[in-house]
Student: 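Okay, handing you the structure first.
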Amino acid sequence: MKRSILTALALILVLSLGLAGCKSSSESTGGKGSSGGDGGGVMIYGRGGDAVGLDPAHETDGESFIVTEQVMETLTGYKKENTDVVPELAKSWKISDDGKTYTFTLEKGVKFHDGTDFNADAVVKNFDRWMNGDAAKFPYYASMFGGYKNDPGHVIKEVKAVDENTVKFTLKRPQAPFLKNLAMSPFAISSPAAIDQYGDKYGEHPVGTGPFKFKEWKRGDTISVVKNEKYWQKGLPKLDGVTFKVIKDNSSRLNALTKGEVDLIDGVNPSDLDKIKSDKNLQIFERPSMNVAYFGFNVEKAPFNKKEVRQAISHLVNKDELIKNFYNGTAEPAATPLPSSIAGQNKDIQDYGYDEAKAKELLKKAGYPNGFKMDLWAMPVSRPYMPNGQKIAEAIQANLAKVGIKANIVTFEWGTYLEKLRKGESPAFLIGWTGDNGDADNFLYALLDKDTIDSNNYARYKSEPVHKLLIEAQSTADEGKREELYKKAQEIIHEDAPWVPLVHAKPQLAGVNSIKDFYPHPKGSQSFIDVSMK
Amino acid sequence: MFSYTIRRIGLLIPVLLGMTFIVFMMIRAIPGNPAQLILGQQASKEAIETLTKQLGLDQPWYSQFVHYLTGLFQGDLGTSLKTRTPISDELWPYLAATIELSLVAILIAVVVGVNAGIISAWFQNSWFDYAVMLIALIGVSMPIFWLGLMEQYFVSIKWDLLPTTGRDNIRMPVEAITHLYLLDTLLEGRFDQFIEVVKHLILPGIALGTIPMAIIARMTRSSMLEVMRSDYIRTAKAKGLKMFWVVYKHSLKNAMIPVITVIGLQTGLLLGGAILTETIFGWPGVGTYIYEAIQSRDYPVIQSGILVVATLFVLINLFVDILYAAIDPRIKY
Amino acid sequence: MAELARTTPPLSNPPAVEQGDDKVISPWKDAWRSFKKNKLAMVGLGIVIFFILIAILAPVLAPYSFSDQRLADKHLAPSGEHWFGTDEFGRDIFTRVLYGARISLWVGFVSVAGSVIVGSALGIIAGYYGKVIDGIISRIFDILLAFPSILLAIAVVSVLGPSLRNALIAIAIINVPIFGRLVRSRVLSVKEEEYITAAKAIGMKDSRILIHHVLPNSMAPIIVQGTLAVATAIIEAAALGFLGLGAQPPTPEWGKMLADSRDFIIQAPWTVIFPGIAIMLTVLGFNLMGDGLRDALDPRMKN
């Protein structure tokens, strides 16, 4: 028996050697930092998780979007460095005076990867598909456009093809961030022919107009996209392709980068930055912040129903120390929920500042001179706004202990954690938020309006004046006026202190030196259209 | 023997059914709504409710269970809630990755373990014997995730000898045919890729193979010592080292039983228990697949994943038991 | 996972305890005598006692507090002041490793005690009453054993929520069938003994028979298997801690310490090395002791 196994093994070896001789040399695909003709080559992007699906309208996670953004494009787009709106598939647009009609002129001669034409009809078909869906199929559509076709809150009345290259959107009421919404990754235009062809499996075969074409997906491992030779913008993309490689653990991902196994990685541990800086072959990219990490209180639960307690704790969180130790300086202390990349941030708000004496005084006033016992919920997962919730909780725990507040750190698995927060089961918790469309409404209304209790207002904060301001801002077209409304809302929120806003984190990426023209976008993902590797 | 086999198979069915039921009930007791996880943190309450309904998660548990079982009997493992892909389409690449890793681990364990066991028995009470037994003792006492971390730190980071994570070199990705990359690269005649795949297998293979290796070494040694007490071996030994090879060949046969035992007991555990090794070495295997499904409450994946792994495990055990009966006529059932 | 406990073939016949109550002591004395002669076993016992002492005396021995943070002292390399260096919160790793012994031993002993109690109870019921009850209980054991153990533990912790106590419960559950099967086979072999039949004939109650005759007969293999199971339990607890499903901060659990410092393996390898060595040594101690106990208590298991 043993002999036969050995013989078989030997046979395989001989055979393979023979075969290897025939073929292996013909297909070698470069070694470290492989380079093609002009700044091309295939860039390997190491990241922490796999995509869920590749039909962007269906998905909600950044790992899916960063792939679909290579393959598909949106009508409007964002500027490279912020969330100002720029043309993408729509060359230009006109807005009626009442703010209810948007007429888009589309780029001409654009083709989907399957050879079919991109035109006004295709846009209409995509929107029809979405508005006839439901919350399970196209979750983002409802959050951004107020529901589906027959819902009373639905903002879009009609989408019509005026001619081959003109599309008209008619709205039921003005929506201030409408153009920003259109630029979001979920609303990228797919080839209607491909949607018909693949049906339920479209999410495994995405077809768009983008600079790269989808090639292959090995689940849990890699997704590869290759250059679209017929891309409508001349000279782009520069890379021959991008391969997305899943390496879950942050430090392993960095190891893979230092060893040349990958070219670019996200989710760099702040503590590893010094090491990267000292490596001559590597460079660091900083993503501008469009997020907020916060320490929230359930304002319905004692003792956090007392404003003084919340304010006292606000004085006990040392944000600078947190930033120094857990973000390695790659975050800004947050005085308000809004990051500076978002129009409407109130820069005049004076933060509470670390002050044990004041905290004690406030606690005394609230009737807890000797502190109290509490549960502090810490996130079980790493998110860009909070790389390690547990450790931040530990640091806060130590500070609270100084005034006699005994915090017991509690955690649940991520799904449970979110669900319990939504239901208001947590007394005090660490969490955060990453903006979707770069608008203030997407922070303040989504997180702190009385309408969003049971949804994302985990603090269950209920303030009539804030509500009034936020609702008014939603239908105000004038940007200057809107900003004023949001600034006022932030003042009230600051005084009420339903949260201790902790930081606005600037997620760090690292890559090999040959990468050129890469600008991480604040929204968390971006196309690699201009990127080259020399 | 035939009737024994039939009886054993008959016993398997209620075990697997019972397990399916336990898993089913248990995962539904896990707090957390899959819809929330699928839609993410930003999801609205309405979206979560709609999706819950669509996934049939608002149905009573017994109708969900009947539904699942009906599917199973028709060979349908269900559809992943998260990726909306049939599990039978998704599972194989993950399973293949784990099978390949487990086979390599067992191979390392057998080759090293058997030889170390035989040699240390031959030189009983020598320094070599002590060293092997000490290493074996440490081997079974080591948390394998720690061993994995140490391997990574020293072998791949400090000395830069082997890659840290993954199954293949991403710059020359393996074209998957069977998803067993060693086989695929050979089928494609890509010897360069084959070498890469081997390099990627070494560290996780050693981490996963250490415990079975230690056990095999100890069992082989003790069974060898028994053999060596027999007179003809004593004579052989007296005649010098030349006879070592004679004994060696003879011993290999004797080592079969401990090896088979350990394979039977460990392979199933390797299949499922590879979670930690897979986590550390970024191995896209079935352990990771199920573990992530638990985290995202992907019920059908947890159920079918565990069912498939456990079925493999009990089948391997059954096979081992039958093999025993075939090899060793003394064992009666 | 160290599955040593599971790979142990079912223990065969009991040591000679059956002669009568007055002679019960001598086999244990015998066992101790042969245990003492076994050098490796004594080393194992030594290690175990060493760690038990550490666990008890941790507050006295520890030079620092295991939870007080001194961020200025983060990631100091091992030195005279901090023998094992400091972690990212500037906490002394030596102190945390000492306190960690308390947690690991506690989880090991308590979870195994739980498995022994529940497993024995089920095993006795199955073995003594036989028939349908036996069928059901044995199938449950089969089912539990068909699970890859760490997956089962993960699933149990997911249901109960991640915490040290729940990790302990999960580990106890996965070990139940090992003791259940062991005791059941014991009961089956004792049941047919003449003196049991006699006891039944004179109208002794079932419970009395079980407690006075059946249980003592199962002690030796339970002790052996239990010692080995403590080793496995410690590793499993560390594994759960490593996956973030066990002890919560600032509890200095060894597995959790490994998980927390994994990211710093390059800058501060000591944060990963020392907790790992602690786990390994403790487990080694229990394994050596368990092997020795088996040789001593169960002569038939000797080579």
Side-chain angles (χ1 to χ4, degrees), chain A residues 2 12 15-24 27-32 34 42 44 52-53 60-61 134-136 139-140 142-143 200 203-204 218-222 224 243 245-249 252-253 255-256 259 261-262 412-416 418-420 422 431 433 436 446 454-456, chain B residues 30-51 53-55 82-85 90 93-94 97 152 156-157 160 163-167 169-173 176 185-186 188-194 252 279-282 284 288-289 292 294-297:
Chain A
K2 186 169 53 78
I12 290 174
L15 268 176
S16 61
L17 277 169
L19 288 171
C22 308
K23 206 178 158 198
S24 67
E27 271 188 68
S28 67
T29 29
K32 281 194 176 187
S34 60
V42 174
I44 317 260
V52 175
T60 55
D61 65 304
D134 57 49
Y140 256 126
S143 354
D200 284 347
E204 292 166 53
K218 287 185 192 166
R219 280 198 192 267
D221 195 22
T222 55
S224 40
T243 300
K245 163 79 181 170
V246 179
I247 305 175
K248 283 196 194 76
D249 177 55
S252 307
R253 208 175 317 124
N255 291 337
K259 297 188 73 179
E261 293 167 12
V262 299
F412 297 90
E413 280 188 277
W414 187 225
T416 319
L418 290 177
E419 193 174 85
K420 285 180 184 278
R422 204 159 47 76
I431 190 78
W433 180 261
D436 292 311
D454 280 337
S455 208
N456 283 311
Chain B
I30 302 177
N33 182 351
Q36 167 83 63
L37 282 149
I38 291 166
L39 295 173
Q41 193 189 338
Q42 329 274 84
S44 70
K45 193 180 153 202
E46 293 74 26
I48 293 170
E49 279 164 6
T50 315
L51 185 60
K53 222 173 260 168
Q54 281 200 0
L55 296 173
K82 188 171 148 202
T83 65
R84 300 172 298 275
T85 313
E90 267 187 1
Y94 293 106
Q152 258 184 351
S156 108
I157 298 168
D160 198 15
T164 48
T165 54
R167 294 183 73 187
N169 183 337
I170 319 156
R171 297 198 196 278
M172 34 171 149
T185 48
L186 292 181
E188 286 157 21
R190 293 289 304 269
F191 204 65
D192 52 339
Q193 286 182 346
F194 181 79
L252 272 184
T279 312
I280 286 172
F281 289 99
T288 321
Y289 183 55
E292 278 184 7
I294 292 178
Q295 287 177 321
S296 58
R297 307 286 181 274

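Numbers restart at 1 for each chain; the letters A, B, ... are given by sequence-line order, proteins then strands.
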Student: Between A/R219 and B/T85, do the side chains contain a donor N or O and an acceptor N or O under 3.5 Å apart?
Tutor: yes
Student: Indicate yes or no: does B/R84 engage A/D200 in a salt bridge with an N to O separation below 4.0 Å.
Tutor: no
Student: Quick check: do B/T83 and A/E204 have side-chain heavy atoms less than 4.5 Å from each other?
Tutor: no
Student: Please classify the contact of A/N456 with chain B as side chain, backbone, both or neither, using a heavy-atom distance under 4.5 Å.
Tutor: side chain
Student: Donor-acceptor check, side chain of A/K259 to backbone of B/S156, threshold 3.5 angstrom: yes or no?
Tutor: yes
Student: How far does CG of A/D61 sit from NZ of B/K82, to the nearest 0.5 angstrom?
Tutor: 8.0 Å
Student: Side chain, backbone, both or neither: which part of A/S143 has an atom under 4.5 Å from a heavy atom of chain B?
Tutor: neither
Student: Please flag which part of B/E292 lies under 4.5 Å from any non-hydrogen atom of chain A: side chain, backbone, both or neither.
Tutor: side chain
Student: If you tally heavy-atom pairs under 4.5 Å against chain A, which of B/I48, B/L55, B/T185, B/I280 wins?
Tutor: B/I48
Student: Flag the one option from B/A47, B/A97, B/P93 with the top tally of heavy-atom pairs under 4.5 Å to chain A.
Tutor: B/A47
Student: Heavy-atom cut-off 4.5 Å, strictly under: side chain, backbone, both or neither for A/L418 against chain B?
Tutor: both
Student: What's the separation between atom CG in A/N255 and atom CD1 in B/I157, rounded to the nearest 0.5 Å?
Tutor: 3.5 Å
Student: Can you tell me how far NZ of A/K218 sits from CD1 of B/I170, rounded to the nearest 0.5 angstrom?
Tutor: 10.0 Å
Student: How about NZ on B/K53, more than 12 heavy atoms from neighbouring residues, nucleotides or ligands closer than 6.0 Å, or not?
Tutor: no
Student: Go through the atoms of B/E49 and report whether side chain, backbone, both or neither lie under 4.5 Å from a heavy atom of chain A.
Tutor: neither
Student: Could you look at B/Y94 and say if it's the side chain, the backbone, both or neither that has a heavy atom under 4.5 Å from chain A?
Tutor: side chain
Student: Would you say the side-chain atoms of A/D134 and B/Q54 include a donor-acceptor pair closer than 3.5 Å?
Tutor: yes
Student: So which heavy atom on A/G220 is nearest to which on B/P284, and how close?
Tutor: O-CB, 3.8 Å
Student: When rounded to the nearest 0.5 angstrom, what distance separates OG1 in B/T164 from CD in A/E261?
Tutor: 4.5 Å
Student: When you compare the side chain of B/R171 with that of A/I44, does any pair of heavy atoms fall below 4.5 Å?
Tutor: yes
Student: Where does A/V262 contact chain B at under 4.5 Å (heavy atoms): side chain, backbone, both or neither?
Tutor: both
Student: Where does B/P34 contact chain A at under 4.5 Å (heavy atoms): side chain, backbone, both or neither?
Tutor: neither
Student: Yes or no on salt bridge (charged side-chain N to carboxylate O under 4.0 Å, His left out) for A/E419 and B/R297, after CA distance, side-chain angles and deciding distance?
Tutor: CA-CA 12 Å; A/E419 193 174 85; B/R297 307 286 181 274; over 6 Å; no
